[in-house]
Trainee: 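This is the structure I have questions about; it appears just below.
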Number of protein chains: 2
Amino acid sequence: AAVSRGRENAIHGASMFADLTPREMNALRDFLMSRKELGLTATRTKELKKNSIILMELHLPRKHDALRALDRGQAKPMRQARVVVQFGNQPQPNITEYIVGPLPSPTSYQLKTFKDNRPIKFESRPMSWGEYEHISALLEKITQKAHKLLLESTGFSMYNCSNRCLTFSDIAPRGLASGERRTWIMLQKFVEGYFIHPVGFEVLVNHQNLDPEQWTVEKVWYNGQYFDSVEELVERYDKGEVNKSKLPEHDDQDLYSTYIPRGHGNTRTDIHGPKLVEPQGPRYHVEGNFVEYAGWSFAFRVRSSAGLQVFDLRFNGDRVAYEISLQEAIAFYSGDTPAAMQTKYIDAGWAMGTSDYELAPGIDCPEIATFLDVYHYYDTDKPVRYRNALCIFEMTTAMPLRRHFNSDFNGGYNFYGGLENHVLVIRTTSTVYNYDYIWDFVFYQNGVMESRVSATGYIHATFFTPQGLHYGTKVYNHVLGNLHTHLVHYKVDLDIAGRENSFETMDLNYEELTNPWSPEHKIKQSRLVRTQHEKERNAAFRFGKKFPRYLHFYNPNQNNKWGHARGYRIQYNSHGHSVLPRGWREENGITWSRYQLAVTRHRDSEATSSSIYTQNDPWEPVVSFEDYVRNNENIVNQDLVAWVTVGFLHVPHSEDIPNTATPGNAVGFFLRPFNFFDEDPSLASRNTVIVRPGKDGKPQVQRWTPEVVGHCVSDKPFFYNGTYSGV
Amino acid sequence: AAVSRGRENAIHGASMFADLTPREMNALRDFLMSRKELGLTATRTKELKKNSIILMELHLPRKHDALRALDRGQAKPMRQARVVVQFGNQPQPNITEYIVGPLPSPTSYQLKTFKDNRPIKFESRPMSWGEYEHISALLEKITQKAHKLLLESTGFSMYNCSNRCLTFSDIAPRGLASGERRTWIMLQKFVEGYFIHPVGFEVLVNHQNLDPEQWTVEKVWYNGQYFDSVEELVERYDKGEVNKSKLPEHDDQDLYSTYIPRGHGNTRTDIHGPKLVEPQGPRYHVEGNFVEYAGWSFAFRVRSSAGLQVFDLRFNGDRVAYEISLQEAIAFYSGDTPAAMQTKYIDAGWAMGTSDYELAPGIDCPEIATFLDVYHYYDTDKPVRYRNALCIFEMTTAMPLRRHFNSDFNGGYNFYGGLENHVLVIRTTSTVYNYDYIWDFVFYQNGVMESRVSATGYIHATFFTPQGLHYGTKVYNHVLGNLHTHLVHYKVDLDIAGRENSFETMDLNYEELTNPWSPEHKIKQSRLVRTQHEKERNAAFRFGKKFPRYLHFYNPNQNNKWGHARGYRIQYNSHGHSVLPRGWREENGITWSRYQLAVTRHRDSEATSSSIYTQNDPWEPVVSFEDYVRNNENIVNQDLVAWVTVGFLHVPHSEDIPNTATPGNAVGFFLRPFNFFDEDPSLASRNTVIVRPGKDGKPQVQRWTPEVVGHCVSDKPFFYNGTYSGV
Ligand SMILES: [Ca+2]
Ligand SMILES: [Ca+2]
Ligand SMILES: [Ca+2]
Ligand SMILES: [Ca+2]
Ligand SMILES: [Cu+2]
Ligand SMILES: [Cu+2]
């Protein structure tokens, strides 16, 4: 009864974490648009000097209030939204965030403030559709001035170009200091996969002014040379003072940047390969944003600003984590062109959470997956549906979860036992311009949870120069794949069977003993050394420093059956490293990336480690993770949050063409029970098969599932012999 | 034509690497038994003082000779066997290895020698069935003496015990110095999963003498106390001078160590979960020991001494590696009982290669796998068939190999492209007594190859003492799960498009530049630093030292289309560390474990990094990897071999009951192409799907596979919409 009341509370409470519905979004828009004092106008227009909504998403309830509903069945707190508004139509433009509620029928709004009431600089706002329209228009003007040069150099242009058009990619951050908004933009051939078709022309545009007529070109880079204006470039080009580049004639038959198959292998691929089926139906349960599988239950959402989150993660009704959520993804580049040197992508600023486009069945997720739509309200005037943007599926990993063959060492066996490894996966993607990240949370039947990001999509490539080889690899004529480091930050608010947890690390030390059974000899062996981390700064592990072997979060107030504190470990699968020296310019925007792991005391005010404003103002960020650690709070028997950074160095190579492939490009971490249970909770699975030799010598199969899987897999019953005998 | 001749040579040459057939084994046995000068008698007898065959397996041809056949189609070298013979029936017993051939009708044998003609000490031989028979008999005698004590302490005995019997586990190494053969043996309840039922009684048996009547008990450990003999223990026990232990009454209903399901989850498990199907048939090709898949081809075998190997690994006909093979697996323990302190398992000495017992379809490998039998000749008088000991299958990883959604940032898209990730897996297991290792080689369609070991099976557990908590976790009444480190060693004889290769590592350094477009500012960015490793000792990377980011093996004589040397990277997925201080006693047997990576010049004489003799004589090993590095040869433009150590620390926890589970307990490495190809070779796959918006706005699907997968997966054709629009 306690369990089922707990389950009811969990199902009921999941809606506290559910993303805004289109109806709620519309109600929020209508309410705010009706508030005359805000002076809001439509968002998706070309006017920049306006007050308008940038983003709305769920505003999470305070944890304390949510837990009262989840744990005690008390009334759920009022449902509210976070709305980001730009006030451009005033002398001192700014960005303001509001908490608006109650939903579904909002009646009031209040200011949402940041630490020390830091204001959000107007220049730090993300780019909008309207601003890009003006950028495009400006680039058309620029390229028209350089029309001849571009045609001669590339065969492509922006004017009257039909299938020989140029497009562009803009780089961030946009300048060198807080308050700037000037962007390096590189031109590319507008063909399938334009990201890897740079043409050697980059331009620095200052677009800070809200009147696009006032925008200026500050620099131009052409084939390794810098100019102060397009006019200067063109004039000197015409005078023959410029080192010209000339791309080879564009070959439409060259499939380089496309997905179109070419070449051949040994074996057939014109038929479908192995597929997943559910021969006896699905074994998981999705109800709104609430999911159950094996012993697991959780709620999920896809935050528009930064992506996938799970809440109220429980196993057998006991909470393991309150929140596990993606915070930020960055890719910092090196190179020889100004665009390459400047590129420090901080993807929440590109609305990483809203770029969860449609998933293709059979490719992005198995055909058997449950595909769900997701709604975002970002740079829009109405809710936008992202069809099939999230998928949930169970799969076999084609490997046992556990197995043992118990030999009798004489051609026979005492028993064979095995349990197939099945997992539940919840997945979204973020296509942040060129790159596609695949975000997975994976739930194993034995209480292990895995968080994993896989990288694919196009590399960010720049025009090849000989100096470029210090920063990457030539992957095509005139194209350099630039080296970069991917780092991803997660918030892991573990609540190990309750809020009050402690954190220790474990390492090994060699000890030397007198051998108790042969005192003239010494024994050396490893001994477990546990270190309790009592303060936040003591639990913040810098990249490059020694990282402890075991990271152990436990509940000091609850023991398992054998007297050990119930706990979970975080186990890394990562090759991350820091990307800039501490405190160096843009590094101030990503202070979370200093730490492979940091453990802080939970605060509702420290909800996220980054913001959508960091990309365009990393120099003086509104949200700085370092603040969370700096006050060095006590973390013994407290509500702890683990902040996890994973990543890898990516030196592109020819095999990144046309796209980076996922194998070997996945990093993440495991949450692994460590004395949380009394024994492996996957023992609850009835998928186990045990085989013992019968009295007649024939194998006796003990099982709890149907003997025959079904005709799609095999009509034969399970078979096993167990013996290994002379022939 | 060149490709197809290459393919013919590869298929034809694969048999050079094929394991001995039963017919060959029988012929070898008959030939050697007929050689009167050897004086061989049957192996599987209780007589220890005899000359007999211990092991026979394929003897690999010299690489130079094999390559002549593989690359030039020349005649294959003579097929030979390695036969290990024990000469026990002579004044100075020894172990001798022979090369015997030619197969299939051997006519001669010659001595196989080790470095410096090191002799193989008789005491270093693996245990045999016969020796265990005598150990069992001795333990019956011992336990009969302690019958009352054991019954009172445990409720179990070895005499007249029906369902309350004791069994035992023997620990290795067997002594403290070379030439010893004395073993700590621990008693356990003989119930299902006896490995985790220690009863607190351990005994040190000296069984060096070939006359079992001369074997002696040197020490007894009971409930934390040491005694010089069983008699002393019993006498003092009866006098009341011993601290007695008393296990609780054994409860047959307690499922603790069994696989029998208990407990329950949220969702159904009494039906089968997702399964793999091949809706349109298999897409790989197995012909004897030759395999083709995607662009890959390779030969395989399962070496009786150490397990799975692949040879002549090629992609699109170009060689990537000559050999990738498992060398050794160790688990070094800590603890408080003498057995625990002593345990340093070095599994090749337990014939890890022959313990590849039957794989269960649907659990150990998918039902759709190809299951193959394997034959071993080890501690036997006839070939032993291990039914379904190896499996090969293709699977989907339920994730794209590559994908990109190319948004138009206005509710539509330019194109979507995706390719499902399929891999080929070749798998065996080794059940080395309590533990089950799952050995996988995984072949990706984009030229990536992964080697992975997953650990499952029973932990090695010892009797709980309070001091034991420094070395592990209590996992049951009176049971300690002892901490230990798993390390696995692989030989990776990369031949990157030929034998002559070089090795460099890549790291990043920060550089500071004057900003070329804003000279009052500085830029900091990472720059690639390449280090060429010219000598073996310079390319041996100790655990605990800084490990370079990229490990790059390349062919300095061959460039890809873009002018980069064709190469492969090794990427680690491992948490290994060294297990003993350098040079400390048993560490001399596992000198390979000093190095996360060592790169040596290939020598036929350096075929393996360990031997079946190391377990029982790690102090003065016949094969010591350190020898391969010590001569510090030049490794520039040479035939290189990478030796890779992976592993992890295992501190057992309650969830290891009943068995260690695979999630999070898998380590290994990737071989990743790095400018080996001109572009991603998975472009050859016709499984790609491209979707573009048609003129009518409807998605146009371009594909090269049937539109419908088949009724087992879905009768619906693929669908994709691509747009995300306001609602
Ligand atoms: Ca704090
Ligand atoms: Ca917490
Ligand atoms: Ca050497
Ligand atoms: Ca080689
Ligand atoms: Cu990358
Ligand atoms: Cu282990």
Side-chain angles (χ1 to χ4, degrees), chain A residues 219 259 263 265-266 269-276 280 292 294-295 334 357 363 366-367 382 385-386 395 398 402 404-405 417-418 420 422 431 444 446 448 456-457 474 517 525-526 562 653-655 657 659 661 663-664 670 673-675 679-680 684-686 690 709 712-714 724 726-727, chain B residues 219 259 263 265-266 269-276 280 292 294-295 334 357 363 366-367 382 385-386 395 398 402 404-405 417-418 420 422 431 444 446 448 456-457 474 517 525-527 562 653-655 657 659 661 663-664 670 673-675 679-680 684-686 709 712-714 724 726-727:
Chain A
K219 287 280 174 195
Y259 262 66
N266 296 323
T269 55
D270 59 347
I271 53 173
H272 289 275
K275 292 286 184 182
L276 287 164
Q280 305 184 350
E292 286 176 308
S334 300
Y357 303 108
I363 300 166
E367 286 87 349
K382 53 185 178 178
R385 176 165 72 157
Y386 289 67
M395 66 177 286
R402 308 179 246 119
H404 181 65
F405 179 88
E420 189 178 358
H422 284 105
T431 300
Y444 294 78
N446 67 332
V448 173
T456 178
K474 186 173 177 181
W517 53 274
Q525 65 177 2
S526 294
W562 315 115
H653 45 99
S654 53
E655 295 83 5
I657 302 302
N659 273 192
F670 290 96
F674 193 80
N675 299 312
E679 56 183 1
D680 182 348
S685 172
R686 267 59 186 169
I690 306 175
V709 178
C712 284
V713 181
S714 168
Y724 46 105
V727 290
Chain B
K219 286 281 176 196
Y259 262 67
N266 297 321
T269 55
D270 59 346
I271 53 172
H272 290 275
K275 292 286 184 183
L276 288 164
Q280 303 183 350
E292 286 176 308
S334 299
Y357 303 108
I363 301 166
E367 286 87 348
K382 54 184 178 179
R385 176 164 73 156
Y386 289 67
M395 67 177 285
R402 307 180 248 119
H404 181 65
F405 179 87
E420 189 178 359
H422 284 106
T431 301
Y444 294 78
N446 67 333
V448 172
T456 178
K474 186 173 176 181
W517 52 274
Q525 66 177 2
S526 293
R527 185 187 175 101
W562 316 114
H653 45 99
S654 53
E655 296 83 4
I657 302 302
N659 272 191
F670 290 96
F674 193 81
N675 300 313
E679 57 182 0
D680 181 347
S685 172
R686 268 56 186 172
V709 177
C712 285
V713 181
S714 168
Y724 47 106
V727 289

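It should be emphasised that the depicted structure is a prediction, and the values quoted were computed from it without experimental measurement. These values consider heavy atoms only, across backbone and side chains, with no hydrogens, waters or symmetry-generated copies. Quick note on labels: first sequence line is chain A, next is B, and so on, each numbered from 1.
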Trainee: Please flag which part of Lys219(B) lies under 4.5 Å from any non-hydrogen atom of chain A: side chain, backbone, both or neither.
Mentor: side chain
Trainee: Taking Gln280(A) for the side chain and His272(B) for the main chain, is one N or O donor matched with an acceptor at less than 3.5 Å?
Mentor: yes
Trainee: Taking all non-hydrogen atoms of both residues, which atom of Tyr444(A) and which atom of Pro663(B) are closest, and how far apart?
Mentor: CD2-CG, 3.3 Å
Trainee: Leu276(B) and Leu276(A): side chain to side chain contact (heavy atoms under 4.5 Å, CB included), yes or no, with the steps?
Mentor: CA-CA 5 Å; Leu276(B) 288 164; Leu276(A) 287 164; 4.0 Å; yes
Trainee: Check whether Tyr386(A) gets within reach of chain B through its side chain, its backbone, both or neither, counting any heavy atom under 4.5 Å.
Mentor: both
Trainee: Check Ala661(A) against Asn446(B) and note the closest heavy-atom contact, atom names and distance.
Mentor: CB-ND2, 3.3 Å
Trainee: Which residue out of Gly265(A), Ser654(A), Ala398(A) racks up the most heavy-atom pairs below 4.5 Å with chain B?
Mentor: Ser654(A)
Trainee: Counting only non-hydrogen atoms closer than 4.5 Å, does Phe674(B) touch chain A with its backbone (N, CA, C, O), its side chain (CB onward), both, or neither?
Mentor: both
Trainee: Would a distance-only check, ignoring hydrogens and angles, find a side-chain to backbone donor-acceptor pair under 3.5 Å from Ser334(A) to Ser526(B)?
Mentor: yes
Trainee: I'd like to know which of Glu420(A), Glu655(A), His653(A) tops the heavy-atom pair count under 4.5 Å against chain B.
Mentor: Glu655(A)
Trainee: Just by modelled atom types, is the Ser685(A) backbone N or O under 3.5 Å from a matching donor or acceptor in the Thr269(B) side chain?
Mentor: no
Trainee: Between Val448(B) and chain A, which part of the residue has a heavy atom less than 4.5 Å away: side chain, backbone, both or neither?
Mentor: side chain
Trainee: Is Val709(A) in contact with chain B via its backbone, its side chain, both, or neither, using a 4.5 Å heavy-atom distance?
Mentor: both
Trainee: Please report the interatomic distance CD1(Ile657(B)) to CZ(Arg402(A)), rounded to the nearest 0.5 Å.
Mentor: 10.5 Å
Trainee: How many angstroms lie between atom NZ of Lys275(B) and atom SG of Cys712(A), to the nearest 0.5 angstrom?
Mentor: 13.0 Å
Trainee: Would you sort out whether Thr431(B) and His404(A) count as a side chain to side chain contact (heavy atoms under 4.5 Å, CB included), showing the intermediate values?
Mentor: CA-CA 7 Å; Thr431(B) 301; His404(A) 181 65; 3.6 Å; yes
Trainee: Treating Asn266(A) as the side-chain partner and Gly295(B) as the backbone partner, does any N or O pair qualify as donor plus acceptor under 3.5 Å?
Mentor: yes
Trainee: Ring-plane angle category for Phe405(A) and Tyr357(B), please: parallel below 30°, perpendicular beyond 60°, tilted otherwise.
Mentor: parallel
Trainee: His422(A) versus chain B, heavy atoms under 4.5 Å apart: side chain, backbone, both or neither?
Mentor: side chain
